[in-house]
Colleague: 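I'd like to ask you about the structure that follows.
On a predicted model such as this, the values are computed, not experimentally measured, just so you know. Whatever order the structure lists them in is the order used to number ligands and atoms, beginning at 1.
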Amino acid sequence: MSTLSFTTSPPWHDVSPDDWNNWRWQLRHRIATLEQLEQRLTLTAAERAGTVLAGGKLALGITPHFFNLVDADDEHCPVRRQVVPRLEEVSYSPDEMSDPCGEDGDMVAPGLVRRYPDRVLFLVTDRCASYCRYCTRSRVVSGVGEQELETDFEEAFRYLETHAGVRDVLLSGGDPLLLSDGKLEGLLARLRGIRHIQLVRIGSRAPVFLPQRITPELCAMLRKYHPLWMSVHVNHPRELTVETREALGRLADAGIPLGNQSVLLKGVNNDGKVLLELCQKLLMCRVRPYYLYQCDLIRGSAHLRTSIQEGLELMNRLRGYTTGYAIPQYVVDGPGGGGKIPLNPNYIVAKTGDRFVLRNYKGEIYEYPEQSPEPAVLQHGRWKD
Ligand SMILES: *Cc1c(COP(=O)(O)O)cnc(C)c1O
Ligand code: SF4
């Protein structure tokens with residue numbers, strides 16, 4: 001196990017705490033080349049080939065903070081699998097796509113995706129602190145892929161100002177927290193100036209990749225724009241370091257309700273015990289597990305994907321066995337643009353004429369009578385008029 005403490009970590013042993021705790025230092029010192037990676041890690045042949053070949057698809061990027069969680073002695077390390085490229089990334093299976101969620105087809109302005117009646121996804125940057133090898137938006141994220149993110153902020157704001165049906169705006173990217181406080185505040189202030197926008201959400205992996213970004217100043221700024229919610233992205237309990245837990249605590253103290261969106265990944269978290277520990281530890285950080293995503297059909301991700309059947313079995317091992325708040329909704333984004341589709345183990349065993357046959361988490365069977373369609377009280381007409 002590599003140590004979590006920077007003072008003993010060989011590659012960065014002479015860093016001052018001030019530098020280490022500075023998010024801009026962390027970004028400047030990201031591992032971004034094969035050479036930098038090999039200075040710190042003995043790569044397997046598959047990793048080395050992946051790093052050479054996949055760099056034109058999604059850039060290599062790992063913050064020193066996150067890199068310290070990689071187990072240098074274990075090529076199967078769940079942290080390593082998320083950020084160190086592998087050769088499998090450059091072989092595409094026939095079902096895979098460059099835009100698996102069909103976002104480009106739902107853009108109402110460049111960078112603004114409207115798939116649902118009352119909410120939009122606003123892609124405000126193409127940069128992240130580190131790059132997840134399975135990123136569903138790798139076509140535009142990191143600046144090296146086949147497309148460029150060409151968000152037109154003026155056009156997006158014009159759309160939002162003139163569409164009163166939009167009540168919820170989700171800032172994403174890339175990672176919105178890579179913007180400076182000033183730039184981010186500019187966006188939030190402008191959104192808050194639109195009366196029909198009730199809710200603003202930020203999707204960010206910064207608390208995990210770059211917890212130093214969650215400064216008291218950032219939190220003080222964010223709290224001026226309530227109700228502001230945030231979704232973070234934690235896949236494995238090992239990511240909940242002291243620094244990340246403190247960063248999440250600062251966000252929670254700023255009154256920001258926190259949710260987590262995990263991606264179900266083979267060799268990372270497709271294990272009942274790991275998922276249970278992750279979900280319980282998230283609650284300790286005041287983060288409510290929100291979604292568990294079936295891995296999207298992004299090109300070159302087959303080695304990280306599990307079957308839906310396996311996902312359902314994992315969900316079956318959560319419900320009933322722990323706090324209801326700890327249980328995320330398992331979803332698949334309908335390939336090509338279907339949006340999020342909930343996937344649930346079957347708790348309805350059968351529906352007979354007038355009863356539902358149900359099973360509980362232990363597999364015991366219960367019956368519940370189906371209500372007749374016309375409740376008696378309505379037939380008596382008391383509230384009918
Ligand atoms: C996920 C997503 C949203 C937000 O969905 P919620 O279920 O409300 O969290 C909105 N728009 C798009 C295009 C999305 O993919
Ligand atoms: S943080 Fe999100 S947007 Fe960035 S690489 Fe990871 S999955 Fe993609």
Colleague: Decide if atom CD1 of Ile341 counts as having more than 12 heavy atoms of other residues, nucleotides or ligands within a radius under 6.0 Å.
Modeller: yes
Colleague: Write out the residue and atom name of the closest protein heavy atom to atom 2 (Fe) of ligand 2, then the distance separating them to 0.1 Å.
Modeller: His233 ND1, 4.3 Å
Colleague: Which heavy atom in His163 sits nearest to a heavy atom in His196, and how many Å separate them?
Modeller: O-NE2, 3.1 Å
Colleague: Closer than 4.0 Å to some heavy atom of Arg205 - which atoms of ligand 2 meet that?
Modeller: 1 (S)
Colleague: Just to confirm my output: which protein heavy-atom neighbour is closest to atom 7 (S) of ligand 2, and how far is it?
Modeller: Cys132 SG, 3.7 Å
Colleague: Name the one of Arg81, Arg299, Lys57 that satisfies salt bridge (charged side-chain N to carboxylate O under 4.0 Å, His left out) with Glu89?
Modeller: Lys57
Colleague: Going by distance alone, is a donor N or O of one side chain under 3.5 Å from an acceptor N or O of the other, for Tyr225 and Glu185?
Modeller: yes
Colleague: Would you find more than 12 non-hydrogen atoms of other residues, nucleotides or ligands less than 6.0 Å from Glu364 atom CD?
Modeller: yes
Colleague: Would you indicate whether Glu310, at its atom CD, is surrounded by more than 12 heavy atoms from other residues, nucleotides or ligands within a distance under 6.0 Å?
Modeller: yes
Colleague: Between atom 8 (Fe) of ligand 2 and Cys135, is there an N, O or S atom separated by less than 2.8 Å?
Modeller: yes
Colleague: Below 4.0 angstrom, N of the basic side chain to O of the carboxylate: do Arg80 and Glu47 qualify?
Modeller: yes
Colleague: Pairs under 3.5 Å, N/O atoms on ligand 1 and on the protein: can you put them in a table with the distances?
Modeller:
unit_1, atom_1, unit_2, atom_2, d
ligand 1, 5 (O), Lys340, NZ, 3.4
ligand 1, 7 (O), Tyr291, OH, 2.5
ligand 1, 8 (O), Arg119, NE, 2.7
ligand 1, 8 (O), Arg201, NH2, 2.9
ligand 1, 9 (O), Arg201, NH1, 2.9
ligand 1, 9 (O), Tyr290, OH, 2.6
ligand 1, 15 (O), Lys340, NZ, 3.1

Colleague: Determine whether the side chain, the backbone, both or neither of Cys128 has a heavy atom under 4.0 Å from any heavy atom of ligand 2.
Modeller: side chain
Colleague: Would Arg201 and Trp229 count as a cation-pi pair here, with the cationic atom under 6.0 angstrom from the ring centre and within 45° of the axis?
Modeller: no
